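To keep things clear, I will list the structure first and then write my remarks on it.
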Amino acid sequence: ALAPDASVQMLREEGPGVSIAVPVETVDGSFTARGLVPGDYRIRAQRPAGPDRGLQLATADLRVDGADVAGVVLTLAPGAELRGLVELEGGDLSPEIRARLRVSGRPPFSRTHLSAEVAVAAVATDLSFVLRSLHGGNVISVHDLPDGWALKSVSLLGRDITDRETTFSTLPEPDALRVALTNRTARLTVRTFDADGQPAPRMTALLPADPDRRAGGIRVMGRYVAFG
């Protein structure tokens with residue numbers, strides 16, 4: 001059983017980048033989800049911070065094959081804390097733009113914008129940040145980038161983790177996580193055709209280097225021009 005004041009969320013994976021919330025009943029620290037169709041699910045529990053503790057989290061992945069599932073146990077614990085630094089390639093950003101940047105760590109099941117299940121850190125004017133309450137596997141993203149800028153890479157203690165689900169632990173290094181941004185982006189023109197060789201105007205090319213920041217562009221009669 002979970003703490004009585006803990007909340008539980010359950011998501012069903014519908015496909016790459018798509019998940020649907022499933023209703024969950026919670027009573028005195030126990031939770032029940034009914035009518036589950038076969039598939040992959042992620043369960044996340046959260047307990048708000050109290051006078052003598054910080055935010056506590058727990059996650060679990062579950063595969064349902066049509067039979068009832070019992071005995072799922074979630075153990076609440078404080079999330080990891082990571083300090084990091086944003087690096088700029090090809091130019092600089094004004095203090096005002098730097099202050100708008102956000103770095104997040106979110107479960108791969110979550111493909112929505114910044115939500116309650118996402119750990120978010122504001123970027124300071126010296127480009128440092130602190131991510132707190134990281135729990136389970138997370139993908140690092142950057143939000144509110146100005147036009148012409150894109151996420152180039154993410155590294156943890158020198159190891160590339162760009163677009164990779166990573167389970168983090170608390171680290172003391174002030175720059176354990178390095179996030180590189182660049183304004184040296186390319187322009188790509190894509191033409192889409194149907195099986196008969198005709199332009200396919202309803203097709204869209206998406207280039208999600210960051211799941212929250214797809215390449216900007218315009219589409220005209222099957223021709224998609226992407227920027228950044």
Side-chain angles (χ1 to χ4, degrees), residues 1-84 102-121 130-143 154 156-157 159-171 176-177 208 210-212:
L2 293 168
D5 57 346
S7 60
V8 179
Q9 181 187 46
M10 192 168 184
L11 297 173
R12 183 178 75 245
E13 185 178 20
E14 288 292 292
V18 180
S19 57
I20 295 178
V22 175
V24 177
E25 303 171 10
T26 56
V27 178
D28 295 330
S30 298
F31 62 93
T32 303
R34 307 180 189 278
L36 300 179
V37 300
D40 293 320
Y41 295 79
R42 171 160 290 188
I43 308 170
R44 178 182 173 91
Q46 178 172 309
R47 187 185 189 191
D52 57 349
R53 67 171 190 278
L55 177 71
Q56 295 181 329
L57 303 164
T59 58
D61 292 326
L62 178 68
R63 170 159 289 185
V64 175
D65 59 9
D68 289 347
V69 179
V72 177
V73 177
L74 298 177
T75 302
L76 292 162
E81 179 176 303
L82 277 180
R83 298 178 182 274
R102 298 291 183 271
V103 177
S104 74
R106 63 180 176 184
F109 264 53
S110 171
R111 298 303 185 188
T112 58
H113 197 55
L114 303 181
S115 63
E117 68 176 296
V118 178
V120 183
V130 182
L131 269 175
R132 296 183 173 90
S133 300
L134 289 163
H135 201 284
N138 287 268
V139 177
I140 301 299
S141 301
V142 180
H143 309 265
V154 180
L156 177 66
L157 296 177
R159 177 171 59 92
D160 181 56
I161 59 168
T162 309
D163 293 331
R164 296 179 184 174
E165 181 181 1
T166 305
T167 299
F168 298 96
S169 57
T170 297
L171 296 171
L177 195 63
D210 177 320
D212 255 352

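Everything numeric in this text was worked out from a predicted model, so none of it was measured.
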How close do [X] and [Y] get, heavy atom to heavy atom, and via which atoms?
X      : Y      : answer
Gly105 : Ile140 : CA-CD1, 4.0 Å
Gly66  : Pro38  : N-CG, 4.1 Å
Val22  : Ala33  : CG1-CB, 4.4 Å
Asp61  : Arg42  : OD1-NE, 2.7 Å
Ala58  : Leu74  : CB-CB, 3.9 Å

Does a side-chain heavy-atom distance below 4.5 Å link [X] with [Y]?
X      : Y      : value
His143 : Val120 : no
Leu177 : Ile161 : yes
Leu156 : Leu171 : yes
Tyr41  : Val69  : no
Thr166 : Val154 : no
Glu25  : Arg34  : yes

| query | Taking the side chain from Ser104 and the backbone from Ala119, do they hold a donor-acceptor pair closer than 3.5 Å? | reply | no

Roughly how far, to the nearest 0.5 Å, is [atom2] of [Y] from [atom1] of [X]?
X      : Y      : atom1 : atom2 : result
Asn138 : Leu131 : CG    : CG    : 8.5 Å
Met10  : Leu62  : CE    : CG    : 5.0 Å
Glu165 : Arg106 : CD    : CZ    : 12.0 Å
Arg44  : Leu57  : CZ    : CG    : 4.5 Å

| message | I need the full list of salt bridge (charged side-chain N to carboxylate O under 4.0 Å, His left out) pairs touching residues 63-76, with sequence neighbours left out, sorted by first then second residue. | response | Asp40-Arg63

| message | So, using side chain to side chain donor-acceptor pair (under 3.5 Å) as the criterion, who are the partners of Arg159 when residues are at least two apart? | response |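 Result, side chain to side chain donor-acceptor pair (under 3.5 Å) vs Arg159: none returned.
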
| said: For Thr170, give me all partners under side chain to side chain contact (heavy atoms under 4.5 Å, CB included), at least two apart in sequence or on another chain. | reply: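 Once residues adjacent in sequence are excluded, the partners of Thr170 under the side chain to side chain contact (heavy atoms under 4.5 Å, CB included) criterion are Ala80, Glu81.
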
